[in-house]
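Worksheet: the structure to be examined is printed underneath.
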Protein chains: 2
Amino acid sequence: MQDKASLQSALRMWEEALGELVRRDGPDLSARQMAIMLIVYLQEPPHTVRGLAAQLKISKPAVVRALDTLGRMDLLKRKPDEQDKRSVNVVRTVKGSVYLSEFSDVVNEAAKRHLA
Amino acid sequence: MQDKASLQSALRMWEEALGELVRRDGPDLSARQMAIMLIVYLQEPPHTVRGLAAQLKISKPAVVRALDTLGRMDLLKRKPDEQDKRSVNVVRTVKGSVYLSEFSDVVNEAAKRHLA
DNA sequence: AGCGATTATTTCGCAAGCGAAACGTCTTTT
DNA sequence: AAAAGACGTTTCGCTTGCGAAATAATCGCT
């Protein structure tokens, strides 16, 4: 268990960043969609539907739907696997990189503001 | 603009915490619902529908719906304002406090794990 | 070559959330 | 006291997401 101060600290930081995101115009990603974005952009490729479903413990159709939505937004892309033609690799896009970059700015600003 | 290391740092922390939350059983709150929870539990009362809508720049019906859902989950409660009978105060519950306490544990664990 | 396993997707019925507009209640202004 | 405004809620039509089950394509094993 943490001390009370650090509990509040983490929550306040989350609040500021999240509030900023909700206020923002533009795409409002669900928790699952954001989790998939972060995995795809922060963990080493390759990323597959089954892999994402397993890591997040959600159903494969849920992953497929999230990829549909994120793909429509150009935040990531499907790329057929040439070795195993049943499989699909999920890859990054420029727009997705920009999106996450701005996102991390928001988080960092909140962190900085809170620590100050 | 931050240096690249700290950008990645914030994102990785967010990813670990968010991943844990998505995996978790139990209520899966939307971004808006979570934002409302954090405001109600971290900022000083009183909290009203119009106040929450203004702060998050979302419509009042959206706030009403979120309060319906969160209220059904016992994560917060409506309390009629005695002074101005048009108004409603949003107040905390024990269950909500527990929920956020566990939430901050997850965030803190992710932060600690990442800094290690 | 054939057959079961694996991968991703689609279909189905359903539940939840959205914004805009209308509404009911209460307060403030005139 | 009547009108105007403020607050929260409800209604409307619509969009999105969900899990479970069914489907299509491909792989691997024997």
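Hydrogens, waters and symmetry mates play no part in the numbers below; they use all other heavy atoms, side chains included. First the proteins, then the strands, lettered A, B, ... as listed; each starts at 1.
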> Has Arg32(A) got a side-chain N or O lying under 4.0 Å from the OP1 or OP2 atom of dG17(D)?
Replying inline: no
> Looking only at side-chain N and O atoms, does Ser87(B) come under 4.0 Å of OP1 or OP2 in dC7(D)?
Replying inline: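 No, because none of the side-chain N or O atoms of Ser87(B) sits under 4.0 Å from OP1 or OP2 of dC7(D).
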> What is the 5' to 3' range of DNA chain C, first to last nucleotide, that sits under 4.0 Å from any heavy atom of chain A?
Replying inline: dT6(C) to dT10(C)
> If you pin Leu67(B) and Thr69(A) to their nearest nucleotides in DNA chain D, which one's is more 5'?
Replying inline: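 Per heavy-atom nearest nucleotide, the more 5' residue is Leu67(B).
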>> Quick check: on DNA chain D, is the nucleotide nearest Asp84(B) upstream (toward 5') of the one nearest Asp84(A), or the reverse? Name the residue that is more 5'.
In response: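 It is Asp84(B) whose nearest nucleotide is closer to the 5' end.
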> From the list dT9(D), dC27(D), dG5(D), which nucleotide is the closest neighbour of the side chain of Arg86(B)?
Replying inline: dG5(D)
NA contact type, [X], heavy-atom cut-off 4.0 Å: base, sugar-phosphate, or nothing?
X	result
Thr48(A)	sugar-phosphate
Arg72(A)	nothing
Val64(B)	base

To the nearest Å, give me how far apart [atom1] ([X]) and [atom2] ([N]) are.
X	N	atom1	atom2	answer
Lys57(A)	dC18(D)	NZ	P	18 Å
Lys77(B)	dG8(D)	NZ	P	18 Å
Arg65(B)	dT15(D)	CZ	P	15 Å
Glu82(A)	dC27(D)	CD	C1'	15 Å
Ile58(A)	dC18(D)	CD1	P	7 Å
Lys60(A)	dA22(D)	NZ	P	15 Å
Leu70(A)	dT16(D)	CG	P	13 Å
His47(B)	dG8(D)	NE2	P	13 Å

> Is the closest side-chain donor-acceptor distance between Arg32(A) and Ser30(A) under 3.5 Å?
Replying inline: no
Between [X] (side chain only) and [Y] (backbone N and O only), is there a donor and an acceptor less than 3.5 Å apart?
X	Y	answer
Arg92(A)	Ser97(A)	no
Arg86(B)	Asp81(B)	no
Arg78(A)	Gly71(A)	no
Lys95(A)	Met73(A)	yes
Thr93(B)	Asp74(B)	yes

> Which atoms form the tightest heavy-atom contact between Glu16(B) and Arg23(B), and what is the distance?
Replying inline: O-NH2, 4.4 Å
